[in-house]
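Report on the structure given below.
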Amino acid sequence: MSMIAAFYSNKSILITGATGFLGKVLMEKLFRTSPHLKVIYILVRPKSGQTLQERVFQILNSKLFEKVKEVCPNVHEKIRPISADLNQRDFAISKEDVQELLSCTNIIFHCAATVRFDAHLREAVQLNVTATQQLLLMASQMPKLEAFIHISTAFSNCNLSHIDEVIYPCPVEPRKIIDSMEWLDDSIIEEITPKLIGDRPNTYTYTKALGEIVVQQESGNLNVAIVRPSIVGATWQEPFPGWVDNLNGPSGLIIATGKGFLRSIKATPTAVADVIPVDTVVNLTIAVGWYTAVHRPKSTLIYHSTSGNLNPCNWYKMGLQVLATIEKIPFESAFRRPNADFTTNNFTTHYWNTVSHRVPAIIYDFYLRLTGRKPRMLKLMNRLLKTISMLEYFINHSWEWSTNNTEMLLSELSPEDQRVFNFDVRQLNWLEYIENYVLGVKKYLLKEDLAGIPKAKQHLRRLRNIHYLFNTALFLIIWRLLIARSQMARNVWFFICPLFKL
Ligand SMILES: CCCCCCCCCCCCCCCCCCCCCCCCCCCC(=O)SCCNC(=O)CCNC(=O)[C@H](O)C(C)(C)COP(=O)(O)OP(=O)(O)OC[C@H]1O[C@@H](n2cnc3c(N)ncnc32)[C@H](O)[C@@H]1OP(=O)(O)O
Ligand SMILES: NC(=O)C1=CN([C@@H]2O[C@H](COP(=O)(O)OP(=O)(O)OC[C@H]3O[C@@H](n4cnc5c(N)ncnc54)[C@H](OP(=O)(O)O)[C@@H]3O)[C@@H](O)[C@H]2O)C=CC1
């Protein structure tokens, strides 16, 4: 029997961000391995016109939760959605719900955050700093609380090349930043944001770093730990390989590549592609909750959930495997034949963005106009290029994260717990993982049936023929224009014509 699974039996657990990518997998794993847990409280806000109940129903009836329903048939009775908005003071939670949370909660997993790189600093501070401070205040009023696990990011200190499992100071105290958000107007905040974030690339990484300092400063006597995942990718093994449900990180770019939109991306091919499967992060997080509650470390421990120093893969290998898998398992209705390459300097990046991205989009929009349809390709391409410009920082730098605490924790686990809550990335086979990732993007993000592969391949053959025809026509048009203007070209033309019987 797993000691960790037994630990969570009869526990009341609070998860923030349970409707997100990481949160869903965390909830699924807890229910599947500890079906006798008492309750999981999840803070949920109404979204996209869905009520709390509709959102929970959608999650419990999703593919991800298929196995849970076998081992925990009454899962819908054990999940307790609580209406909350982290943007609001006190999260806009009702007094009754607050009372229940304060009196019953044993473990908190704080996953909620804004992960947008271009979030306005006010929004990012509210969600990634102030909300963390408020949750810690709530936690300090929970008599039964055994552990508070905060999910940060391995990139919170991405301005450093070597990052240890420690909390680094920020130039400005979080409390001062929180207070200034109360009275500064948006335009002033926008003006000072570059100075505040300094050599960090965006407000996301900056406010995640501030959130860690808030945890350190405001945890009081709480039993707290911090988990720092790197680039969270699709599931490696459980509940099944390849599951992913959003476009963040590599997923969106894999779609853009597979659909033939993305033809080049500025990257350092030899840079470490520090991707970590979401189920690996979740297994570590659950083990951290157990270890923090049972062993009660004297200080706040930081755990890096990264792959680069234990089982490194680089962007070249990842890109090649993405392309090879797409070749075998193409996506449907591609805009162009998938084919992509890395650029390594700004000039070639701008050149290929014009030649391979914007010009084809303009030509396609011209075709849409000719056929009476609304042009949309250039707008889509520009949005994709903006997204890529924000992700490029992370694929043109390499970092080294120490994982002493994570390796210590692994050694503390029994063999059974190491099996059930496996976070040993050394066992990860990258080629197999990336292939399952691309397959998962096709099945779970694009909702494409594998039965459609022959048709998708036929579509790609058609695109290839159109591509050849277009290039041949372009060559002939240019050549004819040359001939009309150049004696040399005419001589060459008349010399080769008989050779090829043109
Ligand atoms: C022989 C030579 C061979 C050479 C080798 C082969 C070369 C192959 C090259 C091709 C390889 C293929 C790809 C391989 C993998 C590359 C992986 C790159 C990984 C990127 C690293 C991620 C870094 C994450 C680090 C930090 C991790 C965290 O801690 S936080 C969680 C992650 N957060 C994010 O990922 C960012 C979240 N997103 C945003 O902040 C916003 O989306 C944005 C600011 C980026 C854009 O916002 P905006 O409002 O403009 O648009 P939005 O509505 O959000 O989206 C616009 C459209 O773009 C789509 N979209 C969204 N995200 C992505 C994405 N990640 N990739 C692509 N597309 C994305 C979105 O759906 C929108 O589309 P429409 O809805 O159709 O308009
Ligand atoms: N994905 C990644 O690559 C990485 C993620 N992380 C960290 O992991 C954690 C989870 O990330 P991930 O699952 O990818 O992110 P998602 O964007 O998928 O999920 C974010 C969660 O936070 C919730 N949330 C956001 N704003 C509010 C709000 N105002 N009120 C209530 N809930 C809110 C969302 O709820 P809703 O569904 O209603 O929007 C969602 O449940 C974050 O802390 C992130 O920093 C760290 C490293 C890498």
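For ligands, and for the atoms within them, numbers begin at 1 and follow the listed sequence.
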For ligand 2, which part of [X] has a heavy atom less than 4.0 Å away: the side chain, the backbone, both, or neither?
X      : answer
Leu43  : neither
Lys208 : side chain
Asn246 : side chain
Ser230 : backbone
Val115 : side chain

Within the structure, is a non-hydrogen atom of Tyr204 found at a distance of less than 4.0 Å from ligand 2?
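It does; at least one heavy atom falls under 4.0 Å.
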Taking the non-hydrogen atoms of Ser152, is any one of them nearer than 4.0 angstrom to ligand 2?
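Right, Ser152 reaches ligand 2.
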Ring pair (Phe, Tyr, Trp, His ring centres under 6.0 Å) with Tyr433: which residues, sequence neighbours excluded?
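Partners of Tyr433 by the ring pair (Phe, Tyr, Trp, His ring centres under 6.0 Å) criterion, ordered by chain and then number, come out as Trp430, Tyr437.
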Among His150, Gln126, Lys24, Arg55, closest by any non-hydrogen atom to atom 38 (O) of ligand 2:
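Shortest heavy-atom distance from atom 38 (O) of ligand 2: Arg55.
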Among Ala84, Ala113, Ala112, whose heavy atom sits nearest atom 25 (C) of ligand 2?
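Ranked by closest heavy atom to atom 25 (C) of ligand 2, first place is Ala113.
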Between Ser34 (side chain only) and Phe31 (backbone N and O only), is there a donor and an acceptor less than 3.5 Å apart?
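Not confirmed, Ser34 side chain does not pair with Phe31 backbone.
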Got a sec, which pairs hit side chain to side chain donor-acceptor pair (under 3.5 Å) with one end in residues 138-150, sequence neighbours left out?
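Sorted result for residues 138-150: empty, none.
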The single option from Phe117, Tyr204, Trp401 passing ring pair (Phe, Tyr, Trp, His ring centres under 6.0 Å) against Phe155:
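Between Phe155 and the candidates, ring pair (Phe, Tyr, Trp, His ring centres under 6.0 Å) is satisfied uniquely by Trp401.
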Mind checking whether Tyr303 and Tyr291 have parallel, tilted or perpendicular rings, split at 30° and 60°?
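Taking Tyr291 first and then Tyr303, their aromatic rings stand perpendicular (interplane angle over 60°).
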Tyr393 and Trp399 aromatic ring geometry - parallel, tilted or perpendicular at 30°/60° bounds:
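Geometry flag for Tyr393 against Trp399: tilted rings.
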The test is side-chain hydrogen bond (donor to acceptor under 3.5 Å, both in side chains); show your working for Ser230 and Thr306 and say whether it passes.
CA-CA 5 Å; Ser230 49; Thr306 56; 5.7 Å; no
Between ligand 2 and Leu127, is the shortest N or O to N or O distance under 3.5 Å?
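The answer is no, given that Leu127 and ligand 2 share no N or O pair closer than 3.5 Å.
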